[in-house]
Amino acid sequence: KALAKRAHELGEPGLALRLKPWLTDTRPVMNPGSHAGRQPIRMCDLAVWTLLRLGIRFQPAPQWLARCEDATLRAAAQS
């Protein structure tokens, strides 16, 4: 899959591949700030953002670190 290939290209195959289990982890890990209505960033959201920063591409993809929609989480898991 694309994730394994890109992880190998990065020279850090373990790093990207170890993020995969985080994609189903919905524990809150970060407060996005004091903006009204903002929900906490979850472990799965952080995993999606980290995969994007490593160069793993999928659609739909967030433009910034934010709470992800289910479609984004599924796309990241299938990459």
Side-chain angles (χ1 to χ4, degrees):
K1 288 190 170 188
L3 177 58
K5 181 181 176 192
R6 180 66 179 149
H8 181 71
E9 291 169 0
L10 291 169
E12 283 292 341
L15 175 61
L17 294 174
R18 283 191 300 266
L19 292 174
K20 206 95 162 160
W22 290 9
L23 292 169
T24 57
D25 188 341
T26 58
R27 290 177 294 160
V29 294
M30 178 188 291
N31 184 345
S34 60
H35 303 292
R38 298 282 311 260
Q39 295 180 327
I41 302 298
R42 305 165 298 177
M43 185 64 80
C44 54
D45 306 319
L46 187 58
V48 165
W49 184 246
T50 304
L51 288 172
L52 288 169
R53 301 299 298 161
L54 288 173
I56 309 300
R57 297 290 173 239
F58 45 86
Q59 290 295 325
Q63 298 301 311
W64 53 83
L65 177 56
R67 193 159 179 125
C68 296
E69 300 290 331
D70 289 342
T72 300
L73 294 171
R74 282 191 302 274
Q78 294 173 359
S79 63

Set out, in order, the CA-CA distance, both residues' side-chain angles and the distance that settles side chain to side chain contact (heavy atoms under 4.5 Å, CB included) for I56 and T50, then state yes or no. CA-CA 9 Å; I56 309 300; T50 304; over 6 Å; no
Provide the closest heavy-atom pair for W22 versus A47 in the form atom of the first, atom of the second, distance. CB-CB, 3.6 Å
Minimum heavy-atom separation for C44 to L23, with atom names? CB-O, 3.4 Å
Side chain to side chain donor-acceptor pair (under 3.5 Å): pairs with one or both residues in residues 68-77, sequence neighbours excluded: none
Evaluation steps, side chain to side chain contact (heavy atoms under 4.5 Å, CB included), between I41 and W49: CA-CA 11 Å; I41 302 298; W49 184 246; over 6 Å; no
Closest non-hydrogen atom pair, L65 against L46: CD1-CA, 4.2 Å
Which atoms form the tightest heavy-atom contact between S79 and R57, and what is the distance? CB-O, 4.4 Å
Write down the atom of R42, the atom of C68, and the distance for their closest heavy-atom approach. NH2-O, 3.1 Å
How many angstroms lie between CZ in R67 and CE in M30, if you round to the nearest 0.5 Å? 13.5 Å
Report yes if some heavy atom in the side chain of L54 is under 4.5 Å from a heavy atom in the side chain of L19; otherwise report no. yes
Which atom of A75 lies closest to which atom of Q59, heavy atoms considered: CB-O, 3.3 Å
Using a 4.5 Å cut-off on heavy atoms from C-beta on, say whether the side chain of L52 contacts that of P62. yes
